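Here is the structure we will look at, set down as structure tokens.
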Amino acid sequence: MADELFSGLNPAQRRAVEAVDGPVLVLAGPGSGKTRVLTHRIAYLIREVGVDPFSILAVTFTNKAAREMRERLDVLIGSDAQALTAGTFHSLCARFLRRDIVHLGRERDFAIYDSDDQERLMRRVLKELNLDEKKNPPRAIHARISSAKNELVSPAEFARLNRTYADEIAARCYERYQHLLRESNALDFDDLLVEMVHVFEQHPEVLAHYHKRYAYLLVDEYQDTNRVQYTLIKMLAGERRNLFAVGDDDQSVYGWRGADIRNILQFEQDYPDSQVILLEQNYRSTQAILDTAQALIAGGGKKKHLKKLWTENGAGTQVSLHEGYDQGEEASFVADEISRLVASGDYSYGDCAVMYRINAQSRALEEALIGRSLRYVIIGGTRFYERKEIKDVLAYLRLAYNPYDSVSLGRVLNWPGRGIGDRSEAELLRWAAELGMPAFEALREVQTGAVPSPFTTRTKGALLGFLAVIDQFIAARGTMPLIELIDLILGRLDVRETLLKEYSADEAEDRWSNVQELRNVAAEYINMPLEAQLPTYLEEIALVAEVDKVDGKADAVTCITLHQAKGLEYPVVFLVGLEEGLLPHSRSSDDREKVEEERRLLYVGMTRARQRLYLCYAFRRVSYGRTSISTRTRFLADIPKELIRQPKKRGTTTASPQASMFTGRSGYGGSSPRGPSPSAGARPQPAPAPTEVSFFAGQRVRHATFGEGVVMSSRLVEGDEEVTVSFADKERRLLASFARLEKA
């Protein structure tokens, strides 16, 4: 069996597989076979070391990765893999909390609020606190609360730390938001992790149970962990410290949602006796792509563990650089090149992916692809489980499971229409708050009549009609399979007829088809115990991620953001919008650490390509209705010109094809960098050419004429340092020897 397990592993991979006890950090370059290492190590522990699979816990960052791991293990070790515990942080904590949240005085049948539910609840918070949504956007307030939770900062601590009026508002919202979550017996995504930490901290006997259960802990994508995830890992690793962490510091790109690259950089400080293993052989890309990507990432500075990626896939086609006049021409180039590649017979539409920094960039691409009748799919549009008709049906299922779910109750209180308007809903919530109870209990008070209610006879009848519907679904929940419960809901509410009343015939049928697809998904749970079908279904739907649903078999061009593309790969990749303000994004330009994360994001995009890679940017771009001249991303300056192929534009001179990339934008009227000639008699000695740049991106500088500005990029050009600075009026390129810039 050992020979079979080691078959196909390179020496570094085998070292990682055989590293059994103690902390191990595997720094795995892109395409270096980290999933193979994870699965073979689990198989090795079970088959060769004799570890009970019941005592192994594997944490992945996507459900897709967890499924792939299980599928590979089924091939390697068969049914033994079924006893393994594997999943994402959120899915594992949701599973653990179904058992252990009672230690915190909470109910096990909690709802899990997705991003739409969270925003609805935050709108209610703002309304209750009489705060203007325009001045206090719900998403922005919730983002601050989410950041606090990721740092394990409680509402009380957040309030104590606040320094500004905005902090005070966020603190008040945080406290009320958590109160309403608890009243609804609900957790948001962040709470799943935070409450698990609270259980472990407050009840050591529960943590001891998991220490006894799990002897070996494996964590994928360690570079993307945030503080609360890092804390959970340290707690679960315990005294045994059999932690096997796999990640790549060069692919840490989720700082904006709390990921802390220091977790992987300081692994050896946390575990001084750890082994560090580098996976440098790449099985995905050609050497041409790897050399270009490594030149880019090396521009970010020195690293403790420098990986030198290499491959046996051959040199491959040189990476292409393309400049379009505007985003329309950029998109046309992409569409035309895809058409050419497909027409050659070497590639299909499904082999091609177009990646960009923000979703708004997809519009021009869609127009170009449609104009050439090319099949494509946009990842990140309206998600299936976020469609209104799907959310409405799911709301009834959630109320059948947890009637205290106030967000779901508010969503369908008047769907299908039953004469309960916004004012009546607001009055119900106000009255429930006055009574100090959830809205569902307030409906019970309306039913019993023990407490006088503020509703008219007509409104009271409508509310009681709604309550009767929910009671019917609650009763049915425990007696019929999930798919029959869905059929009961669809029939009792006349959902198809309701859709036909609300939309045109064609749109109503499309939405009804979506509802039927929801029913089809439910059929997959038919073999589960009756009591587990509904909660499992709701939990898995709540935790599904968009990238988990990417169909790798569809013969269509994939259009996707760089963040969503992480973990995917394609034979042909186009990276578009490689310009300052887009990549690095304008929000990152004044923070050196954020700029370096943007560099890593570009590196991730480049290393998704297997055979062909295209780097694209536009000379000018329309943004927010305004057209402006673009500046190529500073990151391109770190790639040696011999690694890039730039097709010569029609009508240009015979200058080097890389001229516009590496020595300024020729052909667009750029001014000469040379200053006035000195008098013949003076003959000053030229200053020695600089050997390294003295300015860096994000640095604040001062110019005698233009005032203060922020350095966007700096590079050595023809014996001088060219510094691109964003001033208050415009962005300017200056030569350091003439500009006399001062560090502000």
Side-chain angles (χ1 to χ4, degrees), residues 30 61 139-140 142-144 146-151 153 166 221-230 247-266 293 295-304 355-361 561-566 575-607 615 617 621 623 630-639 693 695-701 708-715 723-727 731 743-744:
F61 261 75
R139 286 189 182 183
H142 185 269
R144 294 201 63 188
S146 179
S147 295
K149 290 184 179 182
N150 285 334
E151 292 296 317
V153 176
E221 305 288 5
Y222 193 76
Q223 77 281 351
D224 290 329
T225 53
N226 57 30
R227 183 183 174 190
V228 66
Q229 291 163 339
Y230 168 82
D248 183 4
D249 51 326
D250 291 333
Q251 296 186 71
S252 178
V253 296
Y254 291 116
W256 54 276
R257 69 181 190 194
D260 191 343
I261 192 174
R262 291 174 298 182
N263 292 347
I264 193 168
L265 295 178
Q266 297 174 3
L296 166 81
I297 205 67
K302 294 181 179 179
K303 304 177 187 299
K304 182 177 181 181
M355 301 176 187
Y356 34 81
R357 179 62 176 84
I358 59 174
N359 277 309
Q361 292 174 256
T561 68
L562 286 163
H563 283 103
Q564 291 170 322
K566 193 168 182 297
L575 303 180
V576 299
L578 303 188
E579 301 146 29
E580 294 292 320
L582 282 177
L583 192 69
H585 196 277
S586 57
R587 290 192 301 266
S588 305
S589 60
D590 60 350
D591 185 317
R592 194 168 192 174
E593 288 186 9
K594 289 182 179 178
V595 167
E596 287 310 306
E597 180 165 315
E598 297 283 302
R599 179 193 299 277
R600 296 192 294 269
L601 185 60
L602 179 55
Y603 175 77
V604 166
M606 293 170 73
T607 54
L615 308 177
Y617 61 93
R621 187 172 296 272
S623 179
S630 302
T631 302
R632 290 178 304 276
T633 176
R634 68 196 73 178
F635 301 137
L636 290 175
D638 293 318
I639 303 173
V693 297
F695 297 93
F696 59 85
Q699 184 179 25
R700 298 199 67 84
V701 295
E708 283 200 11
V710 176
V711 175
M712 305 301 291
S713 65
S714 188
R715 59 184 179 141
V723 188
T724 302
V725 184
S726 177
F727 294 102
E731 193 173 283
K743 298 172 183 178

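These numbers were taken from a predicted model, which means no experiment stands behind them.
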Y356: what forms a ring-ring contact (aromatic ring centres under 6.0 Å, His included) with it, not counting sequence neighbours? none
Residue pair V711 / V701: nearest heavy atoms and the distance that separates them: CG2-CG1, 3.7 Å
D249 backbone acceptor or donor facing S252 side chain under 3.5 Å: no
Can you tell me how far OG1 of T633 sits from CG of L582, rounded to the nearest 0.5 angstrom? 9.5 Å
On a heavy-atom basis, the closest approach of E221 and Q223 is OE1-NE2, 2.7 Å
Which residues pass the ring-ring contact (aromatic ring centres under 6.0 Å, His included) test with Y603, not counting sequence neighbours? none
To the closest 0.5 Å, what do you measure between CG (L601) and NZ (K594)? 14.5 Å
Spell out, as yes or no, whether a donor-acceptor pair under 3.5 Å connects the side chain of E580 to the backbone of R634. yes
Identify, with sequence neighbours excluded, every residue that meets ring-ring contact (aromatic ring centres under 6.0 Å, His included) alongside H563. Y254, W256
Backbone of Y617 reached by a side-chain donor or acceptor of E579 within 3.5 Å: no
List the residues meeting salt bridge (charged side-chain N to carboxylate O under 4.0 Å, His left out) with R262, not counting sequence neighbours, and say none if there are none. D260
Heavy-atom closest pair (S714 atom, V723 atom, distance to 0.1 Å) is OG-CG2, 3.7 Å
dist Q564:CD -> N359:CG (nearest 0.5 Å) comes out at 6.0 Å
Among residues at least two apart in sequence or on other chains, which ones pass salt bridge (charged side-chain N to carboxylate O under 4.0 Å, His left out) with E708? R700, R702
Apply salt bridge (charged side-chain N to carboxylate O under 4.0 Å, His left out) to R600 and list each qualifying residue two or more places apart in sequence or on a separate chain. E597
